[in-house]
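Read the structure below first, then the notes.
Predicted, not measured: the structure shown is a model, and the values here were computed from it.
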Amino acid sequence: MRRLTILIIFVLLFSLVPLFPLHKAAAYGNVPYHFGFKKGKNGQLPSIEQEGFKGMIEKYGAIFLGDTSKKELYLTFDNGYENGYTAKILDTLKEKKVPAVFFVTGHYVKDQPELLKRMVQEGHLIGNHSWSHPDLTQVSDDRIKEELEKVKESVAQVTGQKEMAFLRPPKGIFSERTLAVSKRLGYTSVFWSIAYKDWDIKTQKGWKYAYDSVMSQLHSGAVLLLHSVSKDNAEALGKIIDDARKQGYEFKSLQELQMQKRNPAGIQTTREVT
């Protein structure tokens with residue numbers, strides 16, 4: 001009886017051995033993170049040191065901050081759907097000669113082909129925000145590939161923009177697995193170092209609130225995240241650009257930042273914003 005008990009215990013332990021490394025690998029590879037940080041104020045940098053993912057996003061070449069020794073800003077917009085303000089945003093960017101990246105979903109591609117064409121015609125980049133805006137950590141590698149390819153191919157059909165280098169993960173949620181998969185597919189994941197709660201169209205608080213929310217966080221090398229559905233953003237954008245320039249900031253293309261990271265000594269030529 002004692003021998004039988006020992007044998008049963010041995011078999012059970014042996015059968016569980018493979019589960020431990022597999023479980024550990026799965027947890028390490030797909031632990032979801034929601035990008036966030038302690039906001040910077042008065043020119044200070046935001047801090048993501050305590051969030052536990054800085055090393056991971058750097059490992060996979062993700063962008064969230066530029067050269068902090070240079071007074072440069074990188075403007076990005078998330079376009080999940082159209083709320084009537086993107087044309088005004090484009091008008092302002094054209095007037096001020098500022099480049100931007102617009103991260104679009106499948107819904108936006110199908111619904112707003114003329115705005116997409118205008119973005120490209122005026123020298124801006126269109127980035128990938130996935131086709132259906134899922135939490136990428138909850139879908140398979142094949143599904144991630146499908147989500148990204150559909151956006152890239154559809155944008156190319158509408159605008160002629162054949163290359164798509166930048167991805168903004170939906171909802172700002174990512175894992176090591178999703179970073180690795182998107183990099184393998186040729187994408188640089190783009191996060192941000194300046195943002196505020198601007199996506200809720202029911203709680204718009206006026207252009208001054210948008211202006212103050214952005215200007216209070218300005219810092220060298222900042223990647224700004226704004227949502228194009230915000231009326232406040234559309235009305236504040238011109239003054240944000242003008243007053244940031246008065247403080248000595250320059251607005252640069254995300255392509256330039258990418259090239260700086262790949263080749264710090266090189267010179268990058270980007271499309272002119274018209």
Side-chain angles (χ1 to χ4, degrees), residues 35 57 60-66 73-82 85-86 89-90 93 98-136 144-174 178-179 181-195 198-199 222-230 233 237 251-262 268 270-271 273:
F35 192 84
I57 60 177
Y60 291 97
I63 290 173
F64 68 97
L65 188 65
L73 303 174
Y74 303 90
L75 192 55
T76 74
F77 292 89
D78 281 3
N79 291 66
Y81 64 96
E82 181 54 40
Y85 302 112
T86 303
I89 288 169
L90 286 169
L93 296 176
V98 170
V101 180
F102 292 88
F103 291 96
V104 302
T105 62
H107 174 80
Y108 201 91
V109 175
K110 292 186 295 182
D111 189 53
Q112 298 295 328
E114 295 306 314
L115 284 174
L116 291 179
K117 291 175 185 177
R118 184 180 170 187
M119 291 170 189
V120 173
Q121 289 167 357
E122 295 181 1
H124 305 294
L125 294 174
I126 298 177
N128 209 318
H129 202 33
S130 79
W131 186 259
S132 60
H133 207 260
D135 175 350
L136 296 182
I144 293 174
K145 181 179 180 181
E146 179 185 351
E147 287 276 336
L148 303 186
E149 284 186 346
K150 286 180 70 176
V151 172
K152 180 180 178 180
E153 292 171 0
S154 298
V155 168
Q157 290 173 4
V158 171
T159 70
Q161 177 190 286
K162 298 188 181 303
E163 299 301 320
M164 187 171 282
F166 300 111
L167 163 69
R168 173 151 288 148
K171 308 170 187 176
I173 301 175
F174 65 97
T178 65
L179 290 174
V181 171
S182 57
K183 184 177 181 180
R184 188 166 67 243
L185 293 171
Y187 287 92
T188 297
S189 295
V190 180
F191 297 98
W192 56 88
S193 62
I194 292 179
D198 61 347
W199 61 89
V223 177
L224 286 77
L225 162 61
L226 297 175
H227 286 78
S228 61
V229 295
S230 168
N233 286 341
L237 183 60
F251 287 86
K252 298 287 188 176
S253 167
L254 210 58
Q255 283 181 321
E256 294 179 88
L257 177 54
Q258 187 181 50
M259 288 302 296
Q260 287 175 18
K261 288 181 175 293
R262 290 179 176 176
Q268 166 69 1
T270 59
R271 291 181 292 177
V273 177

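- When side chains are defined from C-beta on, W192 does not count as touching D78, because their heavy atoms never get closer than 4.5 Å.
- For the side chain to side chain contact (heavy atoms under 4.5 Å, CB included) test with L167, the passing option among L179, N128, V151, V190 is N128; the others fail.
- The shortest distance between side-chain heavy atoms of E147 and I144 does not fall below 4.5 Å.
- Of all non-hydrogen atoms in Y187 and M164, the two that sit nearest each other are CE2-O, 3.3 Å.
- Between the side chain of E153 and the main chain of V155, no donor-acceptor pair closer than 3.5 Å is present.
- In this structure, the side chains of T86 and R118 stay at 4.5 Å or more apart for every pair of heavy atoms.
- Panel note: side chain Q112, backbone E82; no donor-acceptor pair is recorded below 3.5 Å.
- The side chain to side chain contact (heavy atoms under 4.5 Å, CB included) test with V223 is passed by exactly one of L65, V101, I63: I63.
- Nearest heavy-atom pair across P99 and S253 is CG-N, 3.7 Å.
- By the 4.5 Å heavy-atom criterion applied to side chains, T76 and F103 are counted as neighbours.
- For the side-chain contact (heavy atoms from CB on, under 4.5 Å) test, residues two or more places apart in sequence or in another chain that qualify with A222 are L73, S193, I194, H219, L224.
- Nearest heavy atoms, S130 versus P134: OG-CD, 3.4 Å.
- The existence of a salt bridge linking K117 and E114 is confirmed by a sub-4.0 Å separation between a basic side-chain nitrogen and an acidic carboxylate oxygen.
- S154 meets the side-chain contact (heavy atoms from CB on, under 4.5 Å) test with V109, W131; sequence neighbours excluded.
- Here the closest non-hydrogen pair linking T188 and G61 is CG2-O, 3.5 Å.
- In this structure, the side chain of H124 engages the main chain of A100 through a donor-acceptor pair within 3.5 Å.
- Minimum heavy-atom separation, F102 to L93: CZ-CD1, 3.8 Å.
- A heavy-atom distance below 4.5 Å is not found between the side chains of N233 and S228.
- Taking the six-membered ring where tryptophan is involved, the planes of F174 and F191 are tilted, since the angle between them lies from 30° to 60°.
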